[in-house]
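If you're wondering where the values come from, they're calculated on a predicted model, not measured in any experiment. In what follows, chains are A, B, ... by sequence order, proteins preceding strands, each numbered from 1.
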Protein chains: 2
Amino acid sequence: MKISHIEHIGIAVQNLAEAIPFYEDVLGLKCYAIEEVKDQKVKTAFFKVGQTKIELLESTDPEGPIGKFITNRGEGVHHLAFAVENLEECLQETEAKGIRLIDRQPRKGAEGLHIAFLHPKSTLGVLTEFCEDKNK
Amino acid sequence: MKISHIEHIGIAVQNLAEAIPFYEDVLGLKCYAIEEVKDQKVKTAFFKVGQTKIELLESTDPEGPIGKFITNRGEGVHHLAFAVENLEECLQETEAKGIRLIDRQPRKGAEGLHIAFLHPKSTLGVLTEFCEDKNK
């Protein structure tokens, strides 16, 4: 497996309208896109910091994954996403090494990326995502 | 404030000896340094992923910050560190914008960086660190 960089860091927030000003006015980053990912029951706001994006996640449904995360743990870092080449191969290789996968096949994520999650029980508590940008 | 990139992601783990094989053998990253930061009561292991480091943190004392974090929340992402220029100025600017600081003055962190933390109550649940590399 070849990981080139951290593609994004997903951060669960109660409310994008309250969170965006911290990242823009305090940290001086710029929100360049807001996107709803219906499948994941979230609205996301994106910021670029060097090679990596910060993806703020507001739940659109208390029963969705971010809604449950915030109920259980409060706001905070939700997942780390690594940029990989050949996602299908990475998933096979990862599973063969005994790691539990959430997604055995890639699916479509925000910004048109192909994504898959590994299970945090297998990854030392960090919900870990692989992303492939097929347009590159 | 000018943030150039994400300097590192701090991840609390129970045990470096168990965690390093996941990052090396599964993700294919290389642990390039292990360092004890006595002040923080941690042993750290470093990996480079593009511009960003992953810093695994094992507590050397259950009463230290990482020991308490793991007792309360389990293993997982502990903090995000942004690379800044002129850390003193960043801290003044951040405090002037109403953000609560943990460190009002820079102190020495791992790898000889100058660091300071913002309080997660002011940063939407994400323990946020600023780092300056004065050797650059």
Side-chain angles (χ1 to χ4, degrees), chain A residues 1-16 18-23 25-29 47-54 56 58 69-70 72-80 82-84 90 93-99 118 120-128 130, chain B residues 1-16 18-23 25-29 47-54 56 58 69-70 72-80 82-84 90 93-99 118 120-128 130:
Chain A
M1 165 160 2
K2 204 175 164 299
I3 292 176
S4 57
H5 61 283
I6 295 175
E7 211 284 329
H8 67 267
I9 300 170
I11 298 176
V13 300
Q14 285 284 2
N15 188 309
L16 287 184
E18 284 171 19
I20 291 171
F22 171 70
Y23 285 89
D25 303 340
V26 179
L27 299 185
L29 306 174
F47 304 80
K48 195 86 200 263
V49 198
Q51 291 176 321
T52 297
K53 295 164 201 154
I54 287 180
L56 301 183
E58 176 191 311
F69 179 88
I70 288 184
N72 292 334
R73 311 196 40 156
E75 294 183 304
V77 175
H78 177 260
H79 67 271
L80 290 190
F82 295 100
V84 301
C90 287
E93 198 184 314
T94 302
E95 193 171 33
K97 287 180 175 161
I99 302 300
L118 314 185
K121 290 241 192 257
S122 275
T123 59
L124 304 127
V126 178
L127 178 58
T128 300
F130 292 152
Chain B
M1 166 160 0
K2 204 175 163 303
I3 292 175
S4 57
H5 61 283
I6 295 176
E7 212 284 330
H8 67 267
I9 300 169
I11 299 176
V13 299
Q14 285 284 2
N15 188 309
L16 287 185
E18 284 170 19
I20 290 171
F22 171 71
Y23 286 88
D25 303 340
V26 179
L27 299 186
L29 306 175
F47 303 79
K48 195 87 201 264
V49 198
Q51 290 175 322
T52 298
K53 295 164 202 154
I54 288 181
L56 300 183
E58 175 191 311
F69 178 87
I70 288 184
N72 293 333
R73 310 195 42 153
E75 295 182 304
V77 175
H78 177 261
H79 66 272
L80 290 190
F82 295 100
V84 300
C90 288
E93 196 183 315
T94 302
E95 193 171 32
K97 287 180 174 161
I99 302 300
L118 315 185
K121 290 241 195 255
S122 276
T123 58
L124 304 126
V126 178
L127 178 59
T128 301
F130 291 153

Engineer: Looking only at heavy atoms and a cut-off of under 4.5 Å, which of B:E75, B:E93, B:E18, B:H5 has the most pairs with chain A?
Structural biologist: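 Among the listed options, the one with the most contacts to chain A is B:E75.
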
Engineer: So which part of A:L56 gets closer than 4.5 Å to some heavy atom of chain B, the side chain, the backbone, both or neither?
Structural biologist: neither

Engineer: In terms of heavy-atom proximity below 4.5 Å to chain B, should A:I99 be classed as side chain, backbone, both, or neither?
Structural biologist: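 Side chain only.
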
Engineer: Heavy-atom pairs under 4.5 Å with chain A: which of B:I11, B:L27, B:T52 has the most?
Structural biologist: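 So the answer, after comparing B:I11, B:L27, B:T52, is B:L27.
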
Engineer: Specify which of B:H78, B:M1, B:R73, B:Q14 makes the most heavy-atom pairs with chain A at under 4.5 Å.
Structural biologist: B:R73

Engineer: Is B:L127 in contact with chain A via its backbone, its side chain, both, or neither, using a 4.5 Å heavy-atom distance?
Structural biologist: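 Neither part, no heavy atoms under 4.5 Å.
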
Engineer: When heavy-atom pairs shorter than 4.5 Å are enumerated against chain A, which of B:A19, B:G74, B:G28 gives the highest number?
Structural biologist: B:A19

Engineer: For each of A:V77, A:D25, A:V13, tally heavy-atom pairs with chain B at distances under 4.5 Å, and name the one with the top tally.
Structural biologist: A:V77

Engineer: Could you look at B:T123 and say if it's the side chain, the backbone, both or neither that has a heavy atom under 4.5 Å from chain A?
Structural biologist: both

Engineer: Quick one: are A:I9 and B:L80 in side-chain contact, heavy atoms under 4.5 Å?
Structural biologist: yes

Engineer: For chain A, which candidate among B:L118, B:I54, B:V26 shows the most heavy-atom pairs at distances under 4.5 Å?
Structural biologist: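 Greatest number of close heavy-atom pairs with chain A: B:V26.
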
Engineer: Please find the pair of heavy atoms, one from B:V49 and one from A:I3, that lie closest to each other, and give the distance.
Structural biologist: CG1-CG2, 3.5 Å

Engineer: What's the shortest heavy-atom distance between B:G76 and A:V126, and which atoms?
Structural biologist: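 For B:G76 versus A:V126, the nearest heavy atoms are CA-CG2, 4.1 Å.
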
